[in-house]
**Student:** 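I'd like to ask you about the structure that follows.
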Amino acid sequence: MKNKYELIKEKLYKFSPYGVKVSKETRATLIGHPSYISSEYSFLNYMFVPLSDIELEDLEKMLNVEIPISYVNFLKNFSNGLKILHSTLCLDGYRKINGRGIEASYQPFSILTINGPERPQNAKDNYFFIGGYDWDGSNLYIDTETERIHFCSRWDATSLYSWDSLEDMLLSEIDRLYTLFTEDGRQIDENISTLPF
């Protein structure tokens, strides 16, 4: 029986018939480049090389906080962040290359930003922010006391929706988002919210 991360990977590879590329420098896996995407550098889904123990230690030092165990498992054993459906949903990670070049763009959004200068002011100490949605900048965070995943607005950490685990959130959100896009990854109606409710 497949574990949840194997199922998540299968879902991310849905667009593999449209091409899969591995970045030379970052070794990111870029999935799905249908012909309607004009830029040769843009893809539908992005997976990133998992972090080493040393990189995780460095990231925790920069964050000055312990990363929740469920996110450590994700970053170390699955992917150093994700970009799903043109960054409709993203999970943040550790950016290893500075700059604005093409290879630098094949990295996750920085988890330092969302847990630092862009952290909602009313966020509790036990909230660890992990990503969000490009629709309106809404956030996702882990409550380190329960390991539940919460959805909140951009500047207010009040929970608006939650899931039991990171894996459950990814499985259900990928399935839900795929219903809003065509088989080749085009958004069906750009006026319809991509948020969880």
Side-chain angles (χ1 to χ4, degrees), residues 8 26 28 45-48 50-51 53-100 104-174 176-177 180 187 190-197:
I8 290 164
T26 67
N45 292 336
Y46 294 72
M47 291 180 66
F48 306 102
L51 298 182
D53 289 334
I54 292 172
E55 288 169 334
L56 273 167
E57 288 175 19
D58 289 344
L59 183 57
E60 284 192 328
K61 284 178 188 172
M62 288 185 277
L63 285 162
N64 198 29
V65 67
E66 190 173 326
I67 300 171
I69 190 66
S70 59
Y71 212 63
V72 166
N73 180 51
F74 170 76
L75 293 170
K76 184 178 174 182
N77 299 310
F78 186 68
S79 183
N80 173 31
L82 290 174
K83 293 181 182 178
I84 300 169
L85 289 167
H86 309 285
S87 298
T88 297
L89 169 61
C90 293
L91 293 185
D92 300 343
Y94 181 21
R95 288 182 67 88
K96 304 173 194 178
I97 302 171
N98 293 321
R100 296 178 183 249
S105 72
Y106 295 154
Q107 297 183 94
F109 294 121
S110 176
I111 203 162
L112 299 173
T113 305
I114 198 170
N115 284 288
E118 295 186 9
R119 182 181 175 88
Q121 288 187 350
N122 67 334
K124 295 180 181 178
D125 291 343
N126 54 299
Y127 294 176
F128 183 81
F129 289 83
I130 59 171
Y133 298 81
D134 72 349
W135 177 262
D136 64 353
S138 297
N139 294 320
L140 292 167
Y141 65 86
I142 299 173
D143 181 337
T144 59
E145 292 180 356
T146 64
E147 286 288 324
R148 287 185 67 84
I149 308 300
H150 294 267
F151 165 78
C152 69
S153 63
R154 180 68 195 91
W155 299 110
D156 183 349
T158 303
S159 179
L160 301 173
Y161 193 84
S162 69
W163 298 265
D164 288 337
S165 69
L166 179 60
E167 299 97 319
D168 289 343
M169 182 277 292
L170 282 170
L171 285 167
S172 66
E173 281 300 273
I174 292 170
R176 183 186 65 79
L177 288 171
L180 304 177
Q187 192 167 352
E190 294 184 1
N191 296 311
I192 292 179
S193 168
T194 58
L195 302 179
F197 66 92

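Position 1 is the first residue of the sequence, and the numbers go up from there.
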**Student:** Looking at every non-hydrogen atom in both residues, tell me the closest pair between Thr26 and Tyr106 and how far apart they are.
**Tutor:** OG1-O, 3.1 Å
**Student:** Could you check Glu55 against Lys76 for salt bridge (charged side-chain N to carboxylate O under 4.0 Å, His left out), going step by step and ending with a plain yes or no?
**Tutor:** CA-CA 9 Å; Glu55 288 169 334; Lys76 184 178 174 182; over 6 Å; no
**Student:** Sub-3.5 Å donor-acceptor pair from the side chain of Glu145 to the main-chain atoms of Asn126, do we have one?
**Tutor:** no
**Student:** With the side chain counted from C-beta on, respond yes when Ile111 and Phe128 share a heavy-atom pair under 4.5 Å apart, and no when they do not.
**Tutor:** yes
**Student:** From Ile67 CD1 over to Leu51 CG, what is the distance, rounded to the nearest 0.5 angstrom?
**Tutor:** 8.0 Å
**Student:** For a 4.5 angstrom cut-off between non-hydrogen side-chain atoms, does Trp163 reach Leu171?
**Tutor:** no
**Student:** So, for Tyr94 and Met62, which heavy atoms are closest and what is the spacing to 0.1 Å?
**Tutor:** CE1-CE, 3.1 Å
**Student:** Might you point out which heavy atoms bring Tyr141 and Ala157 nearest each other, and give the distance in Å?
**Tutor:** OH-O, 2.9 Å
**Student:** Answer yes or no: is there a side-chain heavy-atom contact under 4.5 Å between Arg148 and Asp164?
**Tutor:** yes
**Student:** Nearest 0.5 angstrom please: Lys124 NZ to Thr144 OG1, how far?
**Tutor:** 11.0 Å
**Student:** Should the pair Phe78 and Phe74 be assigned to parallel (<30°), tilted (30 to 60°) or perpendicular (>60°) ring geometry?
**Tutor:** tilted
**Student:** Could you check whether any side-chain heavy atom of Glu173 comes within less than 4.5 Å of a side-chain heavy atom of Pro196, counting everything from C-beta outward?
**Tutor:** yes
**Student:** Taking C-beta and beyond as the side chain, do Leu112 and Leu59 meet within less than 4.5 Å on heavy atoms?
**Tutor:** yes
**Student:** Can you measure from CG (Leu56) to CG (Leu63) and round to the nearest 0.5 angstrom?
**Tutor:** 10.5 Å
**Student:** Please check: side-chain N/O of Asp143 versus main-chain N/O of Tyr127, any donor-acceptor pairing under 3.5 Å?
**Tutor:** no
**Student:** Looking at every heavy atom in both Arg154 and Asp136, which two are closest together, and how far apart are they?
**Tutor:** CB-O, 4.0 Å
**Student:** Can you confirm if the aromatic rings of Phe151 and Tyr133 lie within a centre distance of less than 6.0 Å?
**Tutor:** yes
**Student:** Rounded at 0.5 Å granularity, tell me how far CD in Glu118 sits from CZ in Phe129.
**Tutor:** 11.5 Å
**Student:** Side-chain contact test, heavy atoms from C-beta onward, threshold under 4.5 Å: evaluate it for Phe109 versus Ser87 and give yes or no.
**Tutor:** yes
**Student:** Which value, rounded to the nearest 0.5 Å, describes the distance between Ile130 atom CD1 and Ser70 atom OG?
**Tutor:** 7.5 Å
**Student:** Which distance, rounded to the nearest 0.5 Å, do you find between the CG of Leu170 and the CG of Leu91?
**Tutor:** 5.0 Å
**Student:** Which heavy-atom pair separates Asp156 from Pro120 by the least distance, and what is that distance?
**Tutor:** N-CB, 4.0 Å
**Student:** Counting neighbours of NZ on Lys96 that are heavy atoms of other residues, nucleotides or ligands and sit closer than 6.0 Å, is the number greater than 12?
**Tutor:** yes
**Student:** Looking only at non-hydrogen atoms, find the nearest pair between Ser159 and His150 and report the distance.
**Tutor:** OG-ND1, 2.7 Å
**Student:** Take atom CG in Asn77; do more than 12 heavy atoms of anything else shown fall under 6.0 Å from it?
**Tutor:** yes
